[in-house]
Structure formats: C-alpha cells, structure tokens
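Heads up, the thing below is written out as structure tokens.
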Number of protein chains: 2
Amino acid sequence: MVRSEGETPTLDQVARLAGVSKATASRALNGGARVSPQAQAAVDDAVRRLGYTPNAAARSLATRRTGSVGLIVPESDERIFADPFFAQMLHVVTRSVKAHDLQLVLLLTQPGKEEQRLMRYLRGRFVDGVIVTSHHRGDRLAENLAELGLPAVFIGSPWTNTDRVSIVESDGIGAGRQAARLLIDRGCRALGTIAGPADMHAGHDRLEGWRQEVSEAGLVADAVVHGDFTEAGGARACGVLLDEFPGIDGIFAASDLMAAGAVRELTARGRRVPEDVALVGYDDLGVAEQTDPPLTTFRNPIGAMATEAIRLLAQRIDEGPGEPPRRIVFAAELVRRASA
Amino acid sequence: MVRSEGETPTLDQVARLAGVSKATASRALNGGARVSPQAQAAVDDAVRRLGYTPNAAARSLATRRTGSVGLIVPESDERIFADPFFAQMLHVVTRSVKAHDLQLVLLLTQPGKEEQRLMRYLRGRFVDGVIVTSHHRGDRLAENLAELGLPAVFIGSPWTNTDRVSIVESDGIGAGRQAARLLIDRGCRALGTIAGPADMHAGHDRLEGWRQEVSEAGLVADAVVHGDFTEAGGARACGVLLDEFPGIDGIFAASDLMAAGAVRELTARGRRVPEDVALVGYDDLGVAEQTDPPLTTFRNPIGAMATEAIRLLAQRIDEGPGEPPRRIVFAAELVRRASA
DNA sequence: AGTAGGTGTGGAACCGGTTCCACACCTGGA
DNA sequence: TCCAGGTGTGGAACCGGTTCCACACCTACT
C-alpha cells in the first residue's frame, strides 16, 4: 500500500491517483453505472494501491443511510443470559442481518427503564431501523418508534399500536389450543398451565389458546399460575399448582425452561412424568431434549421469524414508508417426545 | 413538539428558532463554553420545542468520533451460546461501555474466516475502537489492528504482536500452578489435565503453569489431553485420560464446562469425586455450583477485566496514540468447593 | 445534413454538524 | 483617557462522501 500508516485515504486521493474526478470515482465505487471501462479500472487500481475504504460517517451523511440496524432487547440481564431463547435469537438475527449486508448494533435495556436514553440514540439516526424482541406491556416503544418514523419490526406482538409497526410472531393461540387438545386426548381431565409473565404478549396468547380449548372441551380452565420464564420460576409455579390442585394430571408450561423446573418439582414430589402428570412445554431450543423425560413441546420458529423480520425491515428501509406495516404469523410445530 | 412527524430537525432550525447562529447553538449544545446565559437558555428551549437530537453521521464526520466501540468475538456460534463465558463477557462489557457513554457494536465472526470483511468494516471507521476477546492462534487481528492504527484492547493475550496492542488478561500460569499445588497437597500423585484448545492463549497459560508446578514437585506432567472448552469435549477428554492413565487421581480442567463433562464421565465410570479422583475447574460462572459435587475452581475475573479493558480503550480513544500499549494481569481467585 | 437520444464526465451543491478566526463589546488597571 | 485582555458572537471553512445538472461527444435514424 502506498499510504503511510495511520492516516486514512479519502476519495479525493483515489480520484487524483486515478486521474478522474471525485464524481466519477464515487460512481465507480458504487456499481459503476455510467463509467467507462478505463475509468473503472483506474479507480479500482487506485483503491487497491491506497487501501481505500469509504468513510462511514461521510457516506451516511450523504446517503442518509447507516447500513446498520439495532436489535432492541428490553429484558433483564438474568433472563437474557439464562434463557436459550435470547441466545438463539441473537444467533439467527446476526446471521440474517449479515445476509443483507447490514451491521447489528445490540441495544440491551432494562424493561421500562432507559427508554428516554434509547430514543435519544435512535433519534440520532445511528441505525436505519430496529428489530424489537421481548416487548413488555409497560414499554412505550411501539408508540415512540411509530412517532419517530423509524422502520421497526417487532418479533412478538406489542400490546398497543399494533397497526403502526410491522410484527412477526408465532401462533401462541394455536399452540395453546393444541397443547390442551393433546393433553385432553391422552386422557387428562384436570388440566393446569404455567403461563408466561402477564405483561408479555407471547405468554398471554398461549394462555388464551389453552383456555379456549379447555373450556370448549367442557373442562374448567382455572388452574393457572404465572411464571417468569425461568426454571426456578417454573418449579415454584408448579409447586403452587400442585398445592392448590392436588388432582392435576396434565400441565402446559409456556416455556421449556419453566417445564424443566416443573419436571424437577414433580419428580421431587414423587409424581411420575408422564404417567401421573403429563407435561407439554414450548420452545424446543435444546432444553427440551435434556430433561428426564425429554419434553413434548412446540418448536418456536425463531429462525423463520428472524429471517422474515430482517427481510421486512430491509425492505422497509429501502422503499421508504410507503407500504403499510405488515403482520406475519408462523405456526409453532408440535414435537412429540416422552413427557406427554 | 413543533415539528411534524417524520422529518428530523437540524441544528440550523434550532439556531434560527433560538435567534442565534449555528456556531453558538453548537457551543450551547456541547457544554456551553463561551455562551451567554441568555443564548444558552434560548437554545435549550428551542431544542426542547423541536425535539432535537444531533445527527450522528454529521457529528461523526466533523469530530472524527463515532461514540461507539466494537466487541469482536472470533468464535463459532455453538461455543458462543453454549459457554457462559461469552454471555457473562457480553454482559459486563455492555455495562462498562454504557458507563462511558459509548455504544456497543457486536462483531461476531468465524475464527480465521471473514477477517477481510471485518477489516473493511473497521477501516470505514464505524467504531472508535475495539475490544477483542477469544483470540485464536491463526487470527491476524492483532497485526491488522495495529497497522490500521485503531485503538484496540485484547481481553486474553493474542499470540503475536503482543507489544503493539493493549492486553487485559487473567493469570493463567498462576492458576495452573495453584491448581496443581492444591491437588498435590491433598495427596494426589498421578495428575492429569484437560487443557484448552491449543490455539488459544488462555488455555495455553493454564497448561503451562500446571506443567511447571507438577514438574517442580518431581511428578510427571505428561497426562495432558486437549479439550475444546465444551462439556462434551471435556467428557471425551476425560475418557481418554482415564484410558491412557488408569491410575489418575487428580485432574485440572481448564474450564468448568469441561470439568462438568469430566464429572459426568467419572461418575459414569464409577469413580467418585473427589475420593477417587479430585477435580479442579476454571471460570466459576454458575456451572461450578450446579455439578454434583460442586466444583473447586478459579473465579475468572471477567468483570474486572472488562471494566479495565473499556477504561483503557476509552482513554486511548480520548488521548490519541501517544501512550504505549499496556498489559494488565488479574489474578484468578481460588474458590474451594467439594470436588477437590 | 440535421437532430434525437444515449453515454461519460466533472463542477458544484449538499448532507448536518464542529471549529477556526475575526470582530465587537465590556471590563479594569495604568 | 487609553489600552490590554477577556467574553460572546457569527461567518465561513471543513469533515468526506453522493448526486444533480450541464455539457461534450458519439451513434443512429429520418
């Protein structure tokens, strides 16, 4: 390389070295429309010799694009690192984002807190758009993002402003119904559920579907305890269920981590799974295979959701705010193992 | 707010609304040196009424600062999400970075691969500096970063160019020695170790320390099997150790995850821990407490390392390349539990 | 031969901030 | 009274790209 260490070459230097104008050099860099083969070659060569890379800030300023998107996760640290859901989510989002040649900026915030700070950041246009996952009832993110006019896609529905942002989600109602149906079909008559946190939409839907199916089958659907999506919380909730409804013989837990806690609690109390109590989980992200017995559960389609979310976001960023927000629902596929 | 939805206000509009020049408005925004109280108040008011936030790209272009730093993790996906080390690292780095009012850009790459793409990104000056963790032997990151002149701090030493970048690490040699000493003191005479991957410096140091202490005690230090820092790999490595050195009575594993695998393998083969084989791990990030028996291990000081790394990085970004790179070593504290 | 239309090209404006510098004004000390 | 020195202020240059537009040139068709 020609340039000396430390100082970064500019487009101006490239253009001079190639013997063309900045305008032509710029065009040559970006696809080469309206550039002669000779000019293109000269620029390519100059770029190589100088080791040139466009300055991100300057390009952003001119194009009004940054080429990066934010992943907003309004969740407490413990949950983020204990729940494979987030690891997996981060994984698939990272991969999808890479496929669109975008950069990912991770924006972890405490739920409810720091929202001002976050909005200030977003208003600065550091990112072209955002993916929001794990949205809670109290957050005003959907509203704030819509007002800001920043392209946003929610993975998992927010509680309000659902018509102002794009949403990609899994069919929690359907999963809840299927779980209940499965337990009923295998002969369970005293059903209970360990639901997700009441302030999260995903858990709410699974509970709602379960309720519907149980009621329609003519059974009572009042054995409901809310957990916090952690294993310990699942064990606790399971304990409460057993105390209040001793005859319980079938449980739907809204996440595998909570189901794993339930297995532990049931085993500790001498109940066999599935003989005494059948158990259905949700997520299938590794945990379900490692419990004893392995869990019958639903495969949370987060790979598909993330891919679709990024696609939607990239499209929205490219096309501008013309199109109305979209909502896409993926079915969660039942995976039968031994627990029910 | 006065402005209409969608369009972002500029400094020019703020200045006009406040009745001052752009220059004065800019000064008022940044600390207010050389600004009269009246002008300051007028600008503050205009900012509030317009809901103004400075445009990141424009500011970056002018100041040659972006206000964000990258976290480079050259590691395969499986390991990143299976090993609590990374979760914890991400957690503490996120927190430290926030304290310095910086933004974190997560840069996950496959080890060895994609380095060109990464360097192109860094040359674009999207970030002011980088933290590198989990460096492998084949990577040329240290060299490339040094040449680029981008402030960089490695958590865990790279293999080469150690004098051209700043390094924060834990004392692997000391830990290896201590582990060996502990096993020897409790009466073990046939020692083995499940070392880390041969291409990672952290594992190398722990092995080296162990070797030194074992040799100095007049014992043979040839029972060495390399694992891959995963649980399955630990179990496998333990199996190999037991096959080749049946009389083994003390093992040092370079990570708790591998130690957990070793516990599983030992138990499966009917060896009691610690009665038949004593076991020492490394990391103490949650896993060590959950094995049966809980692991005697070393507390990997990643909180302290991350804090220090960010401090060093922020300082280097502020002061420019004047100061020479620094190297800081933290001791890993022994945590005694039941396995040794 | 004359013109319509396409192709390369470079000058210059522009994106939205920061900062250098010149200048006006005010204060206090000689 | 004069001047040195400090304080606010605004004009203008600058950061490093992209893109609009005018223009020159060349081809092909009427």
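Protein chains get the first letters and strands the later ones, always in sequence-line order, with residue 1 at the start of each.
- One axis for each end of the helix from C:dA1-D:dT30 to C:dA30-D:dT1, each built from five base pairs, and the angle between them comes to 50° at 10° resolution.
- If you check C:dC15, C:dT9, D:dG16 against the side chain of A:Arg64, the one that comes closest is C:dC15.
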Derivation and outcome, salt bridge (Lys or Arg N to Asp or Glu O under 4.0 Å), residues B:Asp12 and B:Arg16: CA-CA 6 Å; B:Asp12 213 44; B:Arg16 250 198 306 270; 3.3 Å; yes

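- Checking A:Arg123 against A:Asn144 by side-chain atom types alone, no donor-acceptor pair falls below 3.5 Å.
- Among the atoms of the strands shown, only primed sugar atoms or phosphate atoms (P, OP1, OP2) are found under 4.0 Å from some heavy atom of B:Ala39.
- Rounded to a whole Å, the CG atom of B:Leu11 is 19 Å from the P atom of D:dC15.
- Residue-to-nucleotide proximity on DNA chain D shows that, of B:Ser36 and B:Ala62, the 5′-proximal contact is made by B:Ser36.
- Inter-residue side-chain proximity for B:Ile131 and B:Val168 is flagged as unmet; no heavy-atom pair is nearer than 4.5 Å.
- A ring-centre distance under 6.0 Å is not found for B:His135 and B:Trp159.
- No more than 12 heavy atoms of other residues, nucleotides or ligands lie within 6.0 Å of CZ in B:Arg326, so this atom counts as exposed by the packing criterion.
- Dashed line: the shortest gap from a side-chain N or O of A:Asn55 to OP1 or OP2 of D:dC15 is not under 4.0 Å.
- Close to C:dT18, at under 4.0 Å from its OP1 or OP2, lies a side-chain N or O of B:Arg59.
- Remark: A:Arg34 is in phosphate contact with C:dT7, judged by side-chain N or O atoms under 4.0 Å from OP1 or OP2.
- Side-chain atoms of A:Leu61 lie closest to D:dG16 of the nucleotides D:dG16, C:dT9, D:dG17.
- In this structure, a donor-acceptor pair under 3.5 Å is absent between the side chains of A:Glu169 and A:His201.
- A donor-acceptor contact shorter than 3.5 Å links the side chain of B:Asn55 to the backbone of B:Ala57.
- Taking every heavy atom of residues 20-29 of chain A and every atom of DNA chain C, pairs under 4.0 Å involve A:Val20, A:Ser21, A:Ala23, A:Thr24, A:Arg27, by number.
- Under the 4.5 Å side-chain criterion, counting only non-hydrogen atoms from C-beta, A:Arg120 is not in contact with A:Gln116.
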